[in-house]
Amino acid sequence: MPFFGTHQAGIDTAAQDRLAFGAFDVTATDRAGVAELMRAWTDAAARMTAGEPAGPENADEFAPPDDTGETLGLLPSRLTITFGFGPGLFESGGEDRYGLAAQRPRELRELPPLPFEDLEPRRGGGDVCIQACSDDPQVAFHAVHNLTRIGRGLTVLRYLQLGFGRTATTTREQDTPRNLMGLKDGTNNIRAEDSELMDDFVWAGSEAPAWLRGGTYLVARRIRMLLEVWDRASLGDQELTIGRTKMSGAPLGESDEFADVDLAAKNPDGTPAIPADAHIRLASPAMNGGARLLRRGYSFSDGVDQELGQLDAGLFFISFQRDPEQFVRVQQNLAGDRLNEYIVTNGSSLFAVPPGASEGGYVGESLLG
């Protein structure tokens, strides 16, 4: 996929099947070091998304190669690489680390405490992030692997999350996928073709600092699904929890997945067709002042929780929005969501995603240059 452009790729790009998401703490001593990092990362990302090695071929047997080599012979498989800047890059512990505090958007601050989260510091935060998506898992991992290597001395990897099975549809040509609960996920997502909705709810505009206009904000949340509990729930309870039929994905009372969600619809006995605590009711724009998100998450499975002997699996939720308050508003409204019985959020990060770079430039240049 083309790397350079008005917007960074990996946002309104048709969602790929695999994810490697890395968050990093920046250890550069000055702003020039951060600029050096982003310049090197941009160059390597442009090469890798074009199917080339991360760096020029190195034939010196006494020096490390400029590419780790695990994708030699593989196609890029629609690889996209997206970069974001966290709050700590601008200010940390009251310190203006790189002279960037005055350029920090007011919206770029730690998310407030939100319902049903039990956050683990090692699974959240970060000064910068890399989102690598591809239809080949090795290609996605290779991208973050090489960028981590290139960034040594300037960054330290804080966490890495691998994902499979997209849980959102970002273009109209894609079918709605299913998450690990067996549910169709993201039926009413914003699509790239919805240019007005993208402008209204995703791309930062004149309200943002000049360096961020045409960019967006990325929220990443590691949501563990309590699958052993969910698997014991009856089909009827699962459908009432979400507000959709499990097989077709249609709103309760309808037969078509894409039927309008009628929050006023009633059952024959007069009760709401979509329960008051159903997920799709509480997450709907009508219940959140019109707020909408561009979702782009992935399923994950990280083995077994040794303490409980249960699957450590769920949804690595990623959303892009013009203002993080859009996400916060929806999440706060989900406090009464029946789905909370089956999930817990244990990781959380927020990043400002600059616009795309032009050839010869680098991502974040208007901020760091």
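Since the structure is predicted, the reported quantities are computational estimates derived from the model, not experimental observations. The basis for the numbers below is simple: all heavy atoms, side chains too, and nothing from hydrogens, waters or symmetry mates.
Formation of a donor-acceptor pair under 3.5 Å by the R338 side chain with backbone atoms of H279 is not found in this model. For the pair D96 (side chain) and G99 (backbone), a donor-acceptor distance under 3.5 Å is present. The main-chain N or O of M181 is found under 3.5 Å from a side-chain atom of W230 such that the two form a donor-acceptor pair. At least one donor-acceptor pair closer than 3.5 Å links the side chain of N340 to the backbone N or O of D337. R47 contributes a side-chain N or O that, together with a main-chain N or O of P53, makes up a donor-acceptor pair within less than 3.5 Å. Remark: the backbone N or O of L311 is paired with a side-chain donor or acceptor of E228 at under 3.5 angstrom. When atom types are taken as modelled, the side chain of Q103 and the backbone of L100 share no donor-acceptor pair closer than 3.5 angstrom. R158 contributes no side-chain N or O that, together with a main-chain N or O of V156, makes up a donor-acceptor pair within less than 3.5 Å. Although no hydrogens or angles enter the test, the distance criterion places a donor-acceptor pair under 3.5 Å between the side chain of R78 and the main chain of A14. The backbone N or O of L197 lies less than 3.5 Å from no partner atom in the side chain of R292, so there is not a single donor-acceptor pair.
A 4.5 Å side-chain heavy-atom check between L294 and F201 finds every atom pair outside the cut-off. Here the side chains of Q310 and V304 are not in contact, with every heavy-atom distance at 4.5 Å or above. Inter-residue side-chain proximity for K266 and T271 is flagged as unmet; no heavy-atom pair is nearer than 4.5 Å. Counting heavy atoms from C-beta outward, Q174 and R166 have side chains that approach closer than 4.5 Å. Side-chain contact between I81 and M48 is present, with heavy atoms from C-beta onward closer than 4.5 Å. Residues E365 and P354 fail the side-chain proximity criterion, which asks for heavy atoms closer than 4.5 Å. Considering only heavy atoms from C-beta on, Y342 stays 4.5 Å or farther from L227 through its side chain. Here the side chains of T49 and F4 are not in contact, with every heavy-atom distance at 4.5 Å or above.
Distance check: L114 CG to Q332 CD gives 6.0 Å after rounding to the nearest 0.5 Å. Atoms CD1 and OG1, from I190 and T170 in turn, are 11.5 Å apart once rounded to the nearest 0.5 Å. Atoms CZ and OG1, from F351 and T82 in turn, are 12.5 Å apart once rounded to the nearest 0.5 Å. Put simply, CG on L367 and CE on M38 are 10.0 Å apart, with the number rounded to the nearest 0.5 Å. Put simply, CD on Q331 and OG1 on T345 are 6.0 Å apart, with the number rounded to the nearest 0.5 Å. Taken to the nearest 0.5 Å, the CG atom of L315 stands 8.0 Å off from the CG atom of L180.
In this view, R178 and K184 satisfy the side-chain contact (heavy atoms from CB on, under 4.5 Å) rule, not counting sequence neighbours. Checked against ring-ring contact (aromatic ring centres under 6.0 Å, His included), F300 has no partners two or more places apart in sequence or in another chain. With sequence neighbours excluded, no residue forms a side-chain hydrogen bond (donor to acceptor under 3.5 Å, both in side chains) with Y362. Residues passing the side-chain hydrogen bond (donor to acceptor under 3.5 Å, both in side chains) test with T176, sequence neighbours excluded: E257.
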Expected list for residues 215-223: side-chain donor-acceptor pairs under 3.5 angstrom, two or more places apart:
{"unit_1": "T216", "atom_1": "OG1", "unit_2": "V202", "atom_2": "O", "d": "2.8"}
{"unit_1": "T216", "atom_1": "OG1", "unit_2": "Q321", "atom_2": "N", "d": "3.4"}
{"unit_1": "T216", "atom_1": "OG1", "unit_2": "Q321", "atom_2": "O", "d": "3.0"}
{"unit_1": "Y217", "atom_1": "OH", "unit_2": "E107", "atom_2": "OE1", "d": "3.4"}
{"unit_1": "R221", "atom_1": "NH1", "unit_2": "E117", "atom_2": "OE1", "d": "3.0"}
{"unit_1": "R221", "atom_1": "NH1", "unit_2": "S348", "atom_2": "OG", "d": "2.9"}
{"unit_1": "R221", "atom_1": "NH2", "unit_2": "E117", "atom_2": "OE1", "d": "3.1"}
{"unit_1": "R222", "atom_1": "NE", "unit_2": "Q161", "atom_2": "OE1", "d": "3.1"}
{"unit_1": "R222", "atom_1": "NH1", "unit_2": "D312", "atom_2": "OD1", "d": "3.4"}
{"unit_1": "R222", "atom_1": "NH1", "unit_2": "N346", "atom_2": "OD1", "d": "3.3"}
{"unit_1": "R222", "atom_1": "NH2", "unit_2": "D302", "atom_2": "OD2", "d": "2.8"}
{"unit_1": "R222", "atom_1": "NH2", "unit_2": "D312", "atom_2": "OD1", "d": "3.0"}
{"unit_1": "R222", "atom_1": "NH2", "unit_2": "D312", "atom_2": "OD2", "d": "3.1"}

Validation: residues 67-77 side-chain donor-acceptor distances under 3.5 Å, sequence neighbours left out:
{"unit_1": "D67", "atom_1": "OD1", "unit_2": "G69", "atom_2": "N", "d": "2.7"}
{"unit_1": "D67", "atom_1": "OD1", "unit_2": "H142", "atom_2": "NE2", "d": "3.1"}
{"unit_1": "D67", "atom_1": "OD2", "unit_2": "A54", "atom_2": "N", "d": "2.7"}
{"unit_1": "D67", "atom_1": "OD2", "unit_2": "H142", "atom_2": "NE2", "d": "3.0"}
{"unit_1": "T68", "atom_1": "OG1", "unit_2": "E70", "atom_2": "OE1", "d": "2.4"}
{"unit_1": "T68", "atom_1": "OG1", "unit_2": "E70", "atom_2": "OE2", "d": "3.4"}
{"unit_1": "T68", "atom_1": "OG1", "unit_2": "N146", "atom_2": "ND2", "d": "2.7"}
{"unit_1": "E70", "atom_1": "OE2", "unit_2": "H145", "atom_2": "ND1", "d": "2.8"}
{"unit_1": "T71", "atom_1": "OG1", "unit_2": "H142", "atom_2": "NE2", "d": "3.4"}
{"unit_1": "S77", "atom_1": "OG", "unit_2": "L75", "atom_2": "O", "d": "3.4"}

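Classification of the F21-Y159 ring pair by plane angle, with boundaries at 30° and 60°, yields parallel. In this pair, F85 and W211 present their aromatic rings tilted. The plane angle is within the 30 to 60° band. Below 30°, between 30° and 60°, or above 60°: for F327 and F317 the angle between ring planes is between 30° and 60°, a tilted geometry.
For D260, the CG atom counts as loosely surrounded, since its 6.0 Å shell holds 12 or fewer non-hydrogen atoms of other residues, nucleotides or ligands. Heavy atoms of other residues, nucleotides or ligands lying less than 6.0 angstrom from CG of D175 number 12 at most. No more than 12 heavy atoms of other residues, nucleotides or ligands sit less than 6.0 Å from atom CD of E110.
Taking the charged nitrogens against the carboxylate oxygens, R97 and D127 do have a contact shorter than 4.0 Å, which makes a salt bridge. Note on D305 versus R224: salt bridge recorded, some NZ/NE/NH1/NH2 to OD/OE distance being below 4.0 Å. A salt bridge is defined here as a Lys NZ or Arg NE, NH1 or NH2 lying under 4.0 Å from an Asp or Glu carboxylate O, and R172 with D194 meets this definition. One finds a salt bridge joining R122 and E120 here, because a Lys/Arg side-chain nitrogen approaches an Asp/Glu carboxylate oxygen to under 4.0 Å. Taking the charged nitrogens against the carboxylate oxygens, E207 and R322 do have a contact shorter than 4.0 Å, which makes a salt bridge.
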- Let me see the working for S299 and T167 under side-chain contact (heavy atoms from CB on, under 4.5 Å), right down to the final yes or no. CA-CA 7 Å; S299 296; T167 60; 3.6 Å; yes
Margin query: Using side-chain contact (heavy atoms from CB on, under 4.5 Å), reason through I343 and L226 one step at a time and then give a plain yes or no.
Written below: CA-CA 6 Å; I343 60 174; L226 307 179; 5.8 Å; no
Margin query: Set out, in order, the CA-CA distance, both residues' side-chain angles and the distance that settles salt bridge (Lys or Arg N to Asp or Glu O under 4.0 Å) for R295 and D185, then state yes or no.
Written below: CA-CA 10 Å; R295 293 184 50 184; D185 208 341; 3.0 Å; yes
Is there a side-chain contact (heavy atoms from CB on, under 4.5 Å) between F83 and W41? Walk through the geometry before answering. CA-CA 9 Å; F83 299 108; W41 273 2; 3.6 Å; yes
Let's go through R296 and I11 carefully: what are the C-alpha distance in whole Å and the side-chain angles of both, what is the deciding distance for side-chain contact (heavy atoms from CB on, under 4.5 Å) to 0.1 Å, and is it a yes or a no? CA-CA 8 Å; R296 213 174 189 280; I11 302 170; 5.6 Å; no
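Linking Ile, Leu, Val, Met, Phe, Trp and Tyr residues whenever their side-chain heavy atoms come within less than 4.5 Å places L183 and L293 in a single cluster. If you chain together hydrophobic residues whose side chains sit under 4.5 Å apart, L19 and I130 never meet in one group.
S134 and D136 are not linked by any side-chain donor-acceptor pair at a separation below 3.5 angstrom, with hydrogens and angles left out of the test.
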